[in-house]
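Start at 1 with the first residue, then count along the sequence.
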Amino acid sequence: MSKLGNLGARLHRGEVGYDFVKNRKIWYGLSILITITAIVGLAVRGLNMGIEFEGGAVFNTPKNTSASVSQAEEYAERASGHDAIVQELGDGSLRIQVAGIDTDAANTIKNTLADDLKVDSEQINAELVGPSWGEQIANKAWQGLGIFLILVVIYLAIAFEWRMALAAFVALIHDITITVGIYALVGFEVTPGTVIGLLTILGYSLYDTVVVFDSLKEQTKDITKQTRWTYSDVANRSINSTLVRSVNTTVVALLPVAGLLFIGGGVLGAGMLNDISLSLFVGLAAGAYSSIFIATPLVADLKEREPQLKALRKRVLAKRAQSAAQGDTEVHGEDESYDGEPEDAAPAVVGPRNQPASRARGRGRPSGKRR
């Protein structure tokens with residue numbers, strides 16, 4: 001078995017792990033800092049909306065145009081008085097986008113461009129894009145996002161509980177805010193492809209979160225019948241048991257998206273790939289982060305506000321304090337295990353287990369009270 005596979009197996013068994021829940025204030029603070037930065041960037045710089053949303057004109061030049069991209073951009077900005085975006089297509093033609101102009105201005109710009117590029121004006125194809133079309137796309141996207149979030153909250157509240165639904169909702173808003181803020185800070189153009197990318201990452205982020213929640217739900221059945229683990233201990237174990245799976249899934253998903261963003265858009269200059277690839281790249285990374293560091297620790301915080309689980313935490317901590325005072329690392333009581341959690345299980349903490357005797361005593365006997 002590979003080292004990563006061996007680590008995953010040990011994490012799943014609870015032999016090693018990292019205390020994500022204990023350090024949740026660090027993750028909350030980091031997320032708040034990133035989110036504030038994204039919001040400030042959005043407020044100060046704003047989004048670079050594409051021509052589909054602002055309206056304008058698109059000019060396509062003939063093949064093998066002699067002018068370079070920078071020259072064509074200079075010609076277009078001088079002719080229109082607006083910022084222009086120029087992309088070189090595979091056949092050697094140029095695609096020139098100028099936002100915020102009407103039909104009369106488009107005809108004038110077309111003739112001026114023809115003179116500057118030394119081509120016949122009839123060879124330049126001009127297409128007008130009205131802002132109403134982009135507004136319809138934006139409205140439909142917001143409607144789809146709202147319906148999606150409502151259905152997600154309802155489903156999670158039914159399948160799990162309202163606290164998990166609330167935590168998943170917070171994680172999704174966290175991912176969207178960071179992704180949109182990155183677009184504002186980087187200055188990439190927002191196109192319908194960006195909207196598609198944003199809606200795509202929501203499903204991925206939710207999938208990763210539900211995997212952890214499902215494990216947590218199974219491991220916390222009848223948790224109040226024992227005094228070995230708190231809800232936070234079991235939540236931490238759930239994160240660690242699915243950690244390698246989450247990391248592997250994220251890496252595999254990010255590799256092709258990184259190829260589109262850095263190689264396709266950066267090295268090869270296919271700028272049209274940037275709009276969707278950036279939203280996917282940032283969203284996938286933020287979704288994996290929020291599933292591990294935000295959603296599950298937040299559920300643990302909410303759950304341990306319940307009277308039963310708050311009382312359980314006090315009993316567990318009291319028993320551990322008693323155990324430490326007696327110089328024994330484990331107190332064996334009548335109710336140490338519960339259904340869904342074997343007696344030989346250990347909370348996911350850094351370092352190997354040091355109680356092999358307890359493992360031997362727990363084998364071959366169902367969980368429940370000792371006889």
Side chains of T61 and L113 in contact at under 4.5 Å (non-hydrogen atoms): no

Straight-line distance of K140 NZ to L199 CG, nearest 0.5 Å: 13.5 Å

Spacing of OG1 belonging to T209 relative to CG belonging to L298, to within rounding of 0.5 Å: 11.0 Å

Partners passing side chain to side chain contact (heavy atoms under 4.5 Å, CB included) against T112 (at least two apart in sequence or in another chain): A79, T108, D116

Crowding at CD, Q308 (>12 non-hydrogen neighbours, <6.0 Å): no

Value rounded to 0.5 Å, distance of OG1 in T194 from CZ in F188: 10.0 Å

Cluster check V210, L302: I/L/V/M/F/W/Y, side chain < 4.5 angstrom: yes

Nearest-0.5 Å distance that lies between atom CG in L94 and atom CD in E73: 11.0 Å

Test side chain to side chain contact (heavy atoms under 4.5 Å, CB included) applied to I39 and L42, I36, T35, the passing residue: T35

Polar contact flag, side-chain donor to acceptor under 3.5 angstrom, T249-Y204: no

Interatomic spacing from OG in S290 to CG in D208 - rounded to 0.5 Å: 8.0 Å

Closest approach of Y231 to V299 (non-hydrogen atoms, all atoms of both residues): OH-CG1, 3.7 Å

Shortest non-hydrogen contact between N48 and G187, atoms and distance: ND2-O, 3.2 Å

Hydrophobic cluster identity match, V170 and M164, side-chain contacts under 4.5 Å: yes

Ring geometry between Y155 and F160 (parallel below 30°, tilted from 30 to 60°, perpendicular above 60°): perpendicular

Flag side-chain contact, heavy atom, 4.5 Å: N240 against R237: no

Any L312 side-chain heavy atom under 4.5 Å of Q226 side chain: yes

Pairing residues for E161 by the salt bridge (charged side-chain N to carboxylate O under 4.0 Å, His left out) criterion, not counting sequence neighbours: R163, K303

Donor-acceptor pair between S232 and T230 side chains, under 3.5 angstrom: no

Name of the residue among K319, K314, R315 meeting side-chain hydrogen bond (donor to acceptor under 3.5 Å, both in side chains) with T227: K319

Approximate separation, where rounding is to 0.5 Å, of L30 CG and F293 CZ: 9.0 Å

